[in-house]
Amino acid sequence: MNTILRNIPSVSSIISDKRIEELSQEISSENVTYLVRKHLNSLRNKKNLSSNEAQSESIVQEVLKLAKSEWPEWPIPVINGTGVILHTNLGRSPLSKSAIDASIKAAQGYSNLELDLETGKRGPRQKSISNILNQLTGSDDALVVNNTASALLLTLTSLANGGEVIISRSQAIEIGGGFRIPDVLIQSGAKLIEVGTTNRTYVQDYVNAISDNTKAILVMHASNYKVMGFTHEPKISELSEIAQNNQIPLIHDVGSGCIKDPTKYGLSPEPRPQDSIQSGSDICMFSGDKLLGGPQAGIIVGKKSYISQISKHPLARAIRIDKINLAALHATLIHYIKNEVEETIPIWQMISTTQQSLLERAQNICSQINSEISIIKTYATIGGGSLPGEKLDSYAIKIEGDTSNELSFKLRTSKNPIMSRIEDSSVLIDLMTIPPALDEVLIEELNKIVTN
Ligand SMILES: *Cc1c(COP(=O)(O)O)cnc(C)c1O
């Protein structure tokens with residue numbers, strides 16, 4: 001045996017190091033001993049082991065590092081300077097204060113989740129939220145599930161299994177993460193009948209495709225791309241008439257759950273759940289954590305008979321929403337009832353921020369940073385597969401200096417990680433997606449990173 005191998009310290013000597021002892025107290029001595037053993041074994045099996053690697057100090061350092069990657073703190077809050085409001089990798093929609101409070105109440109103790117406090121008997125957990133959804137969208141009934149992908153699978157499985165579903169060729173889309181409409185239909189046991197062409201589909205195309213086997217008409221909002229130019233899609237009201245004449249449901253997936261009027265904020269129209277129901281869709285579904293501004297959820301609203309059929313399907317139980325998200329969603333919807341969305345829901349606070357206030361914040365930040373930074377006028381985007389191509393006027397801080405990749409790495413790996421975006425090879429930190437309350441932290445971090 002060579003001397004380096006022979007000199008590898010014992011497990012017990014490493015474990016008795018003060019820093020490792022502290023780690024053991026934090027994590028548990030079994031787990032830390034396991035990690036030490038694992039590392040020492042890997043050293044013993046290593047080809048060309050250096051004498052440095054075999055020294056106590058390097059071993060301790062390495063074990064501390066390994067512990068961080070083995071049992072990391074997760075999730076780590078980040079400052080979103082990307083200007084993408086619904087950033088899927090950063091968790092889509094942040095919750096309002098009330099939504100956070102409600103989810104804490106649901107999480108931290110027992111609650112009347114499924115209990116009627118007056119009678120002391122079991123009560124349906126979704127009764128209150130259904131009432132609120134009916135008020136907001138004009139539906140007769142509602143059901144909330146885990147997310148919209150599962151809402152769509154459940155709806156098609158319960159209403160169209162064994163039959164045909166008619167969809168416009170332009171809407172047989174992929175939503176993201178490999179979630180593709182043709183595959184969802186296969187899973188649901190329904191046959192996809194594509195009608196029309198990629199850019200133009202007419203009412204008559206649907207009428208022609210109706211057969212004895214047709215179980216539903218499906219309209220998907222192509223939320224993550226835009227077909228422009230020579231295009232045509234029938235209106236929901238026109239399709240509703242065909243559905244009614246044939247006694248089949250018209251199912252409308254509107255995607256983002258935008259209940260506010262986006263055109264008031266300079267954005268393009270987005271199909272809204274209440275408009276869909278008003279125009280005659282029998283089932284309308286949308287996400288909780290896109291433009292609704294709440295937690296992850298798949299919201300299904302529509303006619304009572306269909307919702308009841310959907311709710312009774314065994315799959316409904318399998319994709320049930322959890323109590324924490326349900327509580328957060330309930331509180332989020334109350335903001336709409338109280339008409340206080342712009343003041344309370346973070347993404348709508350961002351979307352409705354004035355240019356003046358963004359500029360003032362940018363100036364304030366710049367005045368407190370001792371380095372080469374400037375303010376530029378830029379655009380934020382909605383993201384999250386909603387309103388593709390839409391831009392919101394914004395201001396960003398532009399940082400010069402290091403190469404942009406180096407700088408964005410430093411920002412990302414700082415104590416309070418900052419996500420930036422690179423544009424024309426400079427690093428921008430967009431202020432629209434950063435809550436003003438974080439400006440102080442941002443200044444502190446930037447002063448550490450930019451000046452050294
Ligand atoms: C985003 C989206 C979905 C998926 O919603 P999740 O809640 O993320 O599962 C489904 N349909 C449309 C049209 C969407 O835009």
Side-chain angles (χ1 to χ4, degrees), residues 19-20 22-28 31-32 35 60-104 106-108 147 176-177 288-290 293-297 322 324-325 327-328 332 345-347 349-350 361 365 369 380-385 396-397 399 402 404-422 427-452:
R19 291 158 293 178
I20 301 293
E22 274 168 21
L23 184 66
S24 295
Q25 276 185 359
E26 195 193 322
I27 304 285
S28 92
N31 282 315
V32 172
L35 203 60
V60 168
Q61 291 297 347
E62 192 57 32
V63 168
L64 292 173
K65 214 166 98 192
L66 284 172
K68 273 211 174 125
S69 69
E70 197 99 346
W71 307 298
E73 180 197 337
W74 186 91
I76 298 171
V78 305
I79 295 174
N80 178 11
T82 63
V84 181
I85 293 177
L86 297 170
H87 198 301
T88 303
N89 301 150
L90 305 182
R92 281 198 189 159
S93 172
L95 296 180
S96 75
K97 168 94 177 39
S98 308
I100 294 164
D101 290 345
S103 53
I104 291 173
Q108 75 184 357
N147 58 16
D289 57 353
K290 292 186 182 170
Q296 179 186 307
D322 75 284
I324 300 170
N325 278 335
T332 303
I345 296 182
I347 62 158
Q349 286 175 318
M350 292 170 192
R361 286 173 56 204
I365 291 166
I369 296 187
T381 54
I382 300 289
I397 289 167
I399 309 172
D402 303 11
S404 44
N405 279 333
E406 242 172 83
L407 188 55
S408 65
F409 171 79
K410 280 189 195 164
L411 291 166
R412 229 169 38 235
T413 52
S414 65
K415 181 162 153 268
N416 296 289
I418 301 162
M419 301 300 298
S420 57
R421 83 168 178 261
I422 298 177
V427 170
L428 302 189
I429 299 177
D430 195 314
L431 292 181
M432 183 172 284
T433 44
I434 302 178
L438 293 179
D439 284 357
E440 286 310 310
V441 187
L442 180 65
I443 291 165
E444 200 181 303
E445 290 293 345
L446 287 178
N447 270 326
K448 277 190 272 173
I449 294 162
V450 182
T451 44
N452 62 34

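If you read the sequence from its start, that first residue is 1, and numbering goes on from there. As the structure is a computational prediction, the values presented were derived from the model and not from experiment.
The shortest non-hydrogen separation linking S408 to I422 is OG-CD1, 3.9 Å. Shown here for I324 and A107, the closest heavy-atom pair between the two residues is CD1-CB, 3.8 Å. In terms of heavy atoms, S420 sits closest to T82 at O-CG2, 3.8 Å. The nearest pair of heavy atoms linking A99 to A328 is CB-O, 3.6 Å. Here the closest non-hydrogen pair linking I434 and I429 is CD1-CG2, 3.6 Å. Minimum interatomic distance between T433 and D430 (heavy atoms only, all atoms of both residues): OG1-O, 3.7 Å.
Scored by the side chain to side chain contact (heavy atoms under 4.5 Å, CB included) test, V60 finds I14, D17, R19, I20, L64 as partners (sequence neighbours excluded).
Considering only heavy atoms from C-beta on, P346 stays 4.5 Å or farther from L95 through its side chain. Considering only heavy atoms from C-beta on, W71 stays 4.5 Å or farther from L66 through its side chain. In this structure the side chain of H87 never reaches within 4.5 angstrom of the side chain of R92, judged on heavy atoms.
Although no hydrogens or angles enter the test, the distance criterion places no donor-acceptor pair under 3.5 Å between the side chain of S96 and the main chain of I345. Between the N80 side chain and the V84 main chain, a donor and an acceptor come within less than 3.5 Å of each other.
To the nearest 0.5 Å, the span separating CG on L23 from NZ on K68 amounts to 10.0 Å. Here the CD atom belonging to E445 is positioned 11.0 Å from the CG atom belonging to L438, to the nearest 0.5 angstrom.
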